[in-house]
Amino acid sequence: MTEAKEIESRYEPAAVEARWQKVWEDEATWQVPNPGQTGYDDSKPKAYVLEMLPYPSGEPHVGHLKCYSVGDAIAHFRRRHGFEVIHPMGYDAFGLPAENHAIKTGEKPQVSTERAIESFRDQFRRWGVSIDWSREIGTHEPSYYRWTQWIFLKLFEKGLAYREEAPVQWCPTDATVLANEQVVDGCCERCGTEVVQRKLEQWFFRITDYAQRLLDDFDLLESWPENVVTMQRNWIGRSEGAEVVFRCDELDLDFPVFTTRPDTLFGATFFVLAPEHPLVEKLVEGTEQESAVAEYLKQAAKTGAVERAAEDRPKTGVATGRTVTNPVNGEEIPVFVADYVLMEYGTGAIMAVPGHDLRDYEFAKAFDLAVKRVIEGTDPEVARDDEGLPYPGDGPMVHSGEFDGKGNREAYEEILGWLGKEGRGEPAINYRLRDWLVSRQRYWGAPIPIVHCDGCGLVPVPEDQLPVLLPEIEDYAPKGQSPLAAATDWVETECPECGKPARRETDTMDTFVDSSWYFLRYLDPHNTEAPWAREAADHWMSVDQYIGGVEHAILHLMYARFFCKALADMDLLGVQEPFSNLFTQGMITRDGAKMSKSKGNVVSPADFVDRYGADATRTYVCFMGPPIRGGDWTDEGVEGVYRFLARLWRLSGEVAERTESGGDTSAAEGPARDLLAKAHWAIDKATGDFERGFQFNTAISAVMELVNDAYRLKDDLYGSPEGDAALRFATATAASLIFPFAPHLGSEVYEQMTGERIWETPWPEADPALLVSDTVEIVVQVNGKLRDRVEAPSDATEEQLLELAKAAEKVAPHLEGKQTVKEIVVPGKLVNLVVE
RNA sequence: GCCGGAGUGGCGGAACUGGCAUACGCGACGCACUCAAAAUGCGUUGCCCGUAAGGGCUUGUGGGUUCGAAUCCCACCUCCGGCACCA
């Protein structure tokens, strides 16, 4: 072989990849028109394949690589099954890192964000991801956030966006309020600082109105991971029970409580208010307990969320000196303030039943309060005293007046009925979910399009004045209010209603608002009259396959579901659920640990793409394990996949040179038939792996096996027409099956074998006739132990198989002198002889 | 504490319905090619005993069901994720 030839025959991904990327770019191969536009093919069913849009910062990391590799494989697979696939890309470009960077360096977020977007765009092109670039969006662009603001106004119009003073979570480091969902273990999800409670006036979205529908509509989803559904269920936290009113006659005040156990109402021996309860001060005003309670409130306010929720923390509290009346028996029970009652849940007040609730029991013991049993029974796991109390289970009622002797479940219903009749309570459902706090005291986000007017109140900016542009500012440093407040020229405006001087809202929106509707903008990204045309949304929605990290299980996925429902209620959308099928990819680690700059174990995909090519790097992240699970990155692993691709490349070159095209495979026998059978087996295996939850690792290993077999058999096959044809078919099939992961190499090899463009050819179908063979290997066991294997005709009868098995060379010694007591025959698989 | 998921060679992992445990890849070892190396091709590679033929053991641990269990059941251990004073 000459030297020139040798260089040419080497697999050089950079050259191959550049060649095909140019074709796809020049021809806009992955661009799809909307219905009604030229080129739209209405004979094809649609498929919306979508990966979660990235937050552009620096350059893409391995998590992005995995997400888009998986998504792209699915997109290609669907296209080759005859779907018109929409596969867009955009950037979730507002957010804190760019703003923090601006505070540190003075570089405008606009500038650093654009730079990061360019780097992301470059990488995605370099990876060869099949994106419809004509639909690209950035959530920071005025043409996008104009519609984010528009949706905000629609929600405001419907009463779904409102402003209210409430105790909220404030992150001192990020200098902004946070949504409940962004507080993890009492700390800011982003920066880890412990959050503090503040009473502030903030903007909320009324997601709690949708709590029940968010639960019910899990039924509408086709395929979501069970754990994500469970996490959302837990987060929404529905409980059934009753709201019961306890009255303080002295002060003429009603205290409703939520309880899941109205059957234990007779056992309520005291009453507890959360320290933040708005009526606490009124209750103790002018009493001798006033200062003690005030002192306790001060203490409670100082206690951080982490400490307050700490396990095994002794119960604390203070008596108010007041009593309320238990509605079922008229008993006056003392009222306490204690921080084990949370203002955020229920009504911020509880009836305490120490006989049947562990927490109330602990409080009762600490404050020496009465413990009363109202249900017979004991549970050794929970019981703390000789009486077997507290007892959380079921049993017959005692000390409960007319309900004595009844089962507590029955009494539950009857007590509810009685309360309803007396007007002292009613069945109630309570949710853990809180309204979504969406305002942020930060700069780099979509301004909330509201004007504060002394005369008119909160006035929406008229639609024709949108977008409310983010003004350019010089000082980004947080000062406890939005940096926008300093942009005086911008803040000072006229009231759209009365024309008098007024002030703009200076808070911006949580960036999760931006990403709650981006999948709709892709469908009609250049529309200047509306966020999207209803026809476009009706055609493409919902997303047929959504792909992203499980870390968004609650936040993004729940918010987007809420948006979808609210928009559908406004008749802007025809679907109730945005994402029919969800796939959550596992996290890639290195050396068993999450990648982080501080650990110095960060993998830069670009380095590997440069060294081994996009195809090898992409294929590797799909091969390292089932994509749904995490995996540990090894550099050698990428190299192994690279070697495999190079092996396929060389096979293709050799086969192209040494075989004639146009041969017929129908009469193939021997090794030619074996190779054809392997190719059809690989088709069947890979197709099944795609359909069974995207098990790409085993799909890729099937192609590796096919290539290995081609190497093993090729020297026997060269020269005969059916041998040539089998080799060409096997090589083309390998290219075809690896194409979703390695699109460049797949295109090149397929073209070399067939002269065709692979993405224009349908996904191969396995020939059932080649999936079965004439003979099968039968395993022979004696007493369940493998002793030999025998070849048998596929259609052999049980008798024939038994005969073969008993005659097997290595079986006979184990049968000698022994009584066969049982014979088990599984046709096509095994024979098990049980002897004594 | 409650709810999920996982535990298989030196490593990543495979085994689809209870039927050959360890596919595929990495690593390691050997051979061919080469003056040599790299690259490539071919082969070996779960553990223990044995020169060998062969035998025994092995899917976190202990028990059970079954002719047969990585797979089903019971108890336990470890790791990961979610929720957690939620009334």
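Fair warning: this is a prediction, and the values are worked out from it, not measured in the lab. Every chain is numbered from 1, with letters handed out A, B, ... down the list of sequences.
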S.K.: Take A/Ile350 and A/Val826, find for each the nucleotide of RNA chain B with the closest heavy atom, and name the residue whose nucleotide sits nearer the 5' end.
M.R.: A/Val826
S.K.: For A/Asp394, is there an ion pair with A/Arg409 - N to carboxylate O distance below 4.0 angstrom?
M.R.: yes
S.K.: With a 4.0 Å limit, can you tell me whether A/Asn708 has a side-chain N or O closer than that to the phosphate oxygens OP1/OP2 of B/A23?
M.R.: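 Answer is no, no contact under 4.0 Å.
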S.K.: Just the table, please: protein N/O against nucleotides 80-83 of chain B N/O, every pair under 3.5 Å.
M.R.:
from	atom 1	to	atom 2	distance (Å)
B/C83	O3'	A/Arg432	NH1	3.1

S.K.: Give me, pair by pair, the N or O atoms of the protein and of nucleotides 69-73 of chain B that are less than 3.5 Å apart, along with how far apart they are.
M.R.:
none

S.K.: When you compare the protein's N or O atoms with those of nucleotides 12-16 of chain B, which come within less than 3.5 Å of each other, and at what distance?
M.R.:
from	atom 1	to	atom 2	distance (Å)
B/G12	O2'	A/Met624	O	2.7
B/A14	OP1	A/Asn697	ND2	3.0

S.K.: Answer with base, sugar-phosphate or nothing: what part of the nucleic acid does A/Glu344 contact at a heavy-atom distance below 4.0 Å?
M.R.: nothing
S.K.: With a non-hydrogen cut-off below 4.0 angstrom, is A/Val834 in contact with a base, only sugar-phosphate, or nothing?
M.R.: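 A/Val834: backbone/sugar contact only, no base atoms under 4.0 Å.
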S.K.: Under 4.0 Å, heavy atoms only, any strand: does A/Gly237 hit a base, just the sugar-phosphate, or nothing?
M.R.: nothing
S.K.: B/G68 and B/C49: how far apart are their P atoms, nearest whole angstrom?
M.R.: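 Each nucleotide's P atom is 30 Å from the other's.
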S.K.: Taking atom P in both B/C48 and B/G43, what distance in whole Å separates the two?
M.R.: 25 Å
S.K.: Which pairs, protein N/O on one side and nucleotides 38-40 of chain B N/O on the other, fall under 3.5 Å?
M.R.:
from	atom 1	to	atom 2	distance (Å)
B/U40	O3'	A/Arg650	NH2	3.0

S.K.: If you check every side-chain atom of A/Lys822, which of B/C67, B/C24, B/A87 has the closest atom?
M.R.: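 So the side chain of A/Lys822 is nearest to B/C67.
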S.K.: What interatomic distance, in whole Å, is found between P of B/G54 and the corresponding atom of B/U59?
M.R.: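 Those two atoms are separated by 24 Å.
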S.K.: Go through the structure and list residues passing ring-ring contact (aromatic ring centres under 6.0 Å, His included) with A/Phe644, not counting sequence neighbours.
M.R.: none
S.K.: Looking at B/C11, I'd like to know if its phosphate oxygens (OP1 or OP2) sit under 4.0 Å from a side-chain N or O belonging to A/Thr634.
M.R.: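 For B/C11, OP1/OP2 do not have a side-chain N/O of A/Thr634 under 4.0 Å.
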S.K.: Tabulate below the donor-acceptor pairs under 3.5 Å that side-chain atoms of residues 621-632 of chain A make, not counting sequence neighbours, or state none.
M.R.:
from	atom 1	to	atom 2	distance (Å)
A/Asp632	OD1	A/Thr589	OG1	2.6
A/Asp632	OD1	A/Arg590	N	3.3
A/Asp632	OD1	A/Asp591	N	3.3
A/Asp632	OD1	A/Gly592	N	2.7
A/Asp632	OD2	A/Asp591	N	3.2
A/Asp632	OD2	A/Gly592	N	3.4

S.K.: If you assign each of A/Lys829 and A/Thr347 to its closest nucleotide in RNA chain B, which residue comes earlier from the 5' end?
M.R.: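 So the residue in question is A/Lys829.
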S.K.: Identify whether any heavy atom of A/Lys315 sits under 4.0 Å from a base atom; if not, whether one sits that close to sugar-phosphate; answer base, sugar-phosphate or nothing.
M.R.: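 If one applies the 4.0 Å heavy-atom cut-off, A/Lys315 turns out to touch a base.
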S.K.: What nucleic acid atoms does A/Arg787 come within less than 4.0 Å of, heavy atoms only: base, sugar-phosphate, or nothing?
M.R.: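 Sugar-phosphate only.
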S.K.: If we take the P atom in both B/U78 and B/C24, what is their distance in whole Å?
M.R.: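 B/U78 and B/C24 have their P atoms separated by 36 Å.
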S.K.: Please work out if A/Val341 contacts a base, only the sugar-phosphate, or nothing of the nucleic acid, heavy-atom cut-off 4.0 Å.
M.R.: base
